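Report on the structure given below.
Not measured: the values here are computed from a predicted model. The sequence lines fix the lettering, A, B, ..., with proteins before strands; numbering per chain opens at 1. Quick note: numbers below take in every heavy atom, side chains included, and nothing from hydrogens, waters or symmetry partners.
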Protein chains: 2
Amino acid sequence: MVDFPAMPTTKDQILDAAEALFADHGIQAVPLRKIISEAGVNSAAIHYHFGSKEALVKAVLARRFDPLNRERLLLLDKLESAVGSGQLVIEDVLYAIVAPALRLGQGTESGVGFRRLVGRIFTEHSGYLESIFKDLFRELEERFDAAFRRALPDLMEKELAWRKYMAVGSMIYILREQESILKMSGGLCDTSNVEEAAARMVQFMAAGLKAPVLRFKN
Amino acid sequence: MVDFPAMPTTKDQILDAAEALFADHGIQAVPLRKIISEAGVNSAAIHYHFGSKEALVKAVLARRFDPLNRERLLLLDKLESAVGSGQLVIEDVLYAIVAPALRLGQGTESGVGFRRLVGRIFTEHSGYLESIFKDLFRELEERFDAAFRRALPDLMEKELAWRKYMAVGSMIYILREQESILKMSGGLCDTSNVEEAAARMVQFMAAGLKAPVLRFKN
DNA sequence: GTCTATAGGGGGATAGAC
DNA sequence: GTCTATCCCCCTATAGAC
């Protein structure tokens, strides 16, 4: 058979099927058998191509998160070089995190799936997922933590930490549950308009991050 | 043997063990065998007392969420009767949702576990969990949706819907991941001080909900 | 590289003695 | 109400023919 570029390889079929199923049901909940039957490949193919379920999971995640996080860092690079030693605008920093994730695979049929995966990975920790997650996000977290600091220089470290996790929480909930939210909201909350969704998310998170400082006794 | 009130029944031992394991690993990920061994009961005890894993899950969740949501609704009742036909304050409404969840089991050893369960239930949907979740939260959601409307009368329906889900997302992420957040933040984000944590969460969510309105083309 | 077949371990659920 | 023993299904992983 001639090597025809558009022909999906067995490996890709497995990755596609696994990605869709992981997004729908969670990573642990999906048996390799289901991936096999969904991908229409042989029952030994996964172990031949990847070696184990853990290695497959790593490959599925890396295929999306590596380019996604590279794009986020590229946007941050641009922001940083644009302001020089000046102050970063928190809305711009948030946009650099949110928009690439919302854009992921827009227009493709499988797009919703791996956008949901982006949110899901933050709340699946058990066993080997923990270390996969850390490897995927270490650089991103360091760079954006520093950017948050620069954009919000007046916040105490503790205050910023609290608000950062709450902002992250709101973002991953929207990404992860986008379909059930679309349904629950009766069609109002639609992430398929990327710029609108990004603007709403950025605005919400920025408002929380910039809220007036509270005083506590401790 | 005399009926001694402090003696935990087999049923309670099962519920306690299941709750802790569900909070740690997720509901689907926990096999009944693990609950059995953790609870130190007989391998047939769960099926004798509950009938199935689904019925056990329902019992575990109802034991905590029924009183929790009753308390939230009681607080909302008080707010509503205090303002009469006037306007509700969004911060008070948010506090009525957040504070009871943070207070759940504070001081007890197993408290962290079922506080995490509160957050976890929002992102485990597969199969029978969906309908259990709806049953547990139907009344709460209706009442608090109406309260949000009353507290934020100037927001368009769509705007309010978006912001509501983002606020919910930030809350459940904090509840659900409280231990990993405590660790990741180097001890800064501690939910054991209930009033401080509640105040921070309320402030963040309220700021996002009250952010200035954006204009969109659609 | 792709197939069938199967090993080997867990999973939920149940029967039936005590 | 509590125990032991076991059924039957599904899981990951591998061996070995083609």
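Atom NZ of Lys34(B) is separated from atom P of dG9(C) by 17 Å (rounded to the nearest Å). Atoms CD1 (Ile46(A)) and P (dT14(D)) sit 13 Å apart, rounded to a whole Å. Atom NZ of Lys11(A) is separated from atom P of dT2(C) by 11 Å (rounded to the nearest Å). Distance Asn42(B) CG to dT2(D) P: 9 Å, rounded to the nearest Å. The distance from atom OH of Tyr48(A) to atom C1' of dC3(C) is 13 Å, rounded to the nearest whole Å. Spacing between atom CD of Glu54(B) and atom C1' of dG12(C) amounts to 13 Å, rounded to whole angstrom units. For Ile35(B) and dG10(C), the CD1 to P distance is 17 Å, given to the nearest whole Å. Rounded to whole Å, the distance from CD1 on Ile14(B) to C1' on dT2(D) is 11 Å.
For Thr10(B) and dT2(D), the shortest distance from a side-chain N or O to OP1 or OP2 is below 4.0 Å. A close approach under 4.0 Å does occur between a side-chain nitrogen or oxygen of His49(A) and OP1 or OP2 of dT2(C).
The side chain of Arg33(A) sits closest to dC10(D) out of dA13(C), dC10(D), dT2(D). Between dG12(C), dT12(D), dT4(D), one nucleotide has an atom nearer to the side chain of His47(A) than all others, and that is dT12(D). Of the candidate nucleotides dG12(C), dA5(C), dA13(D), dG12(C) has the atom lying nearest to any side-chain atom of Lys53(B). When distances are taken from the side chain of Pro31(B) to each of dT2(D), dA13(D), dG12(C), the shortest belongs to dG12(C).
Among the protein residues, Ser43(B) comes within range of the nucleic acid bases, having at least one heavy atom under 4.0 Å from a base atom.
Ring-centre distance between Phe137(A) and Phe65(A): below the 6.0 Å cut-off.
For the pair Arg163(B) and Phe204(A), the cation does not sit on the ring face, since its NZ or CZ is not both under 6.0 Å from the ring centre and inside 45° of the axis. Seen from the ring of Phe50(A), Lys11(A) counts as a face-on cation partner, given the 6.0 Å and 45° thresholds.
One side chain, Glu195(B) or Tyr95(B), offers a donor N or O that lies under 3.5 Å from an acceptor on the other.
Between Gly113(B) and Ala23(B), the shortest heavy-atom distance links the atoms O-CB, 3.0 Å.
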